Amino acid sequence: MDIRLFEKDAMQQLHWSLSDIEDEDYEELMAVLGADENNKMVDPEEFAKQFM
């Protein structure tokens, strides 16, 4: 996604200021905003059971 388009969307939809956006790490913001159910933490024991 283009950085300017992301900034525009964040300002319009999330009501962030330009300084809010520019003060944050772009890659981290994209990772957080792109998270879904597949990115949730898994119990290590449950994870290990998949391979037993």
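Everything numeric in this text was worked out from a predicted model, so none of it was measured.
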Check side-chain hydrogen bond (donor to acceptor under 3.5 Å, both in side chains) between Ser17 and all other residues, then give those that pass, not counting sequence neighbours.
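Per chain and number, Ser17 pairs via side-chain hydrogen bond (donor to acceptor under 3.5 Å, both in side chains) with Ser19, Asp20.
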In this structure, are over 12 heavy atoms from other groups packed under 6.0 Å from Glu27 atom CD?
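Atom CD in Glu27 is not packed in, count stays at 12 or less.
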Out of curiosity, Gln12 CD to Glu7 CD, how far, rounded to the nearest 0.5 Å?
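Answer rounded to 0.5 Å: 12.0 Å.
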Which distance, rounded to the nearest 0.5 Å, do you find between the CZ of Arg4 and the CD1 of Ile21?
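Rounded to the nearest 0.5 Å, the CZ-CD1 separation comes out at 9.5 Å.
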Is it true that Val32 and Met30 fall in one hydrophobic cluster, defined by side-chain heavy atoms closer than 4.5 Å?
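Result: no, two separate clusters.
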Which heavy atom of Met11 sits nearest a heavy atom of Leu18, and at what distance?
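Closest approach of Met11 to Leu18: SD-CD1, 4.1 Å.
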Checking one residue: Met41. Which other hydrophobic residues are in its cluster under the side-chain 4.5 Å linking rule?
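Members alongside Met41: none; it stands by itself.
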Starting from Val42, walk the hydrophobic network (Ile, Leu, Val, Met, Phe, Trp, Tyr; side-chain heavy atoms closer than 4.5 Å) and list everyone else you reach, by chain and number.
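Val42 shares its hydrophobic cluster with Phe47, Phe51.
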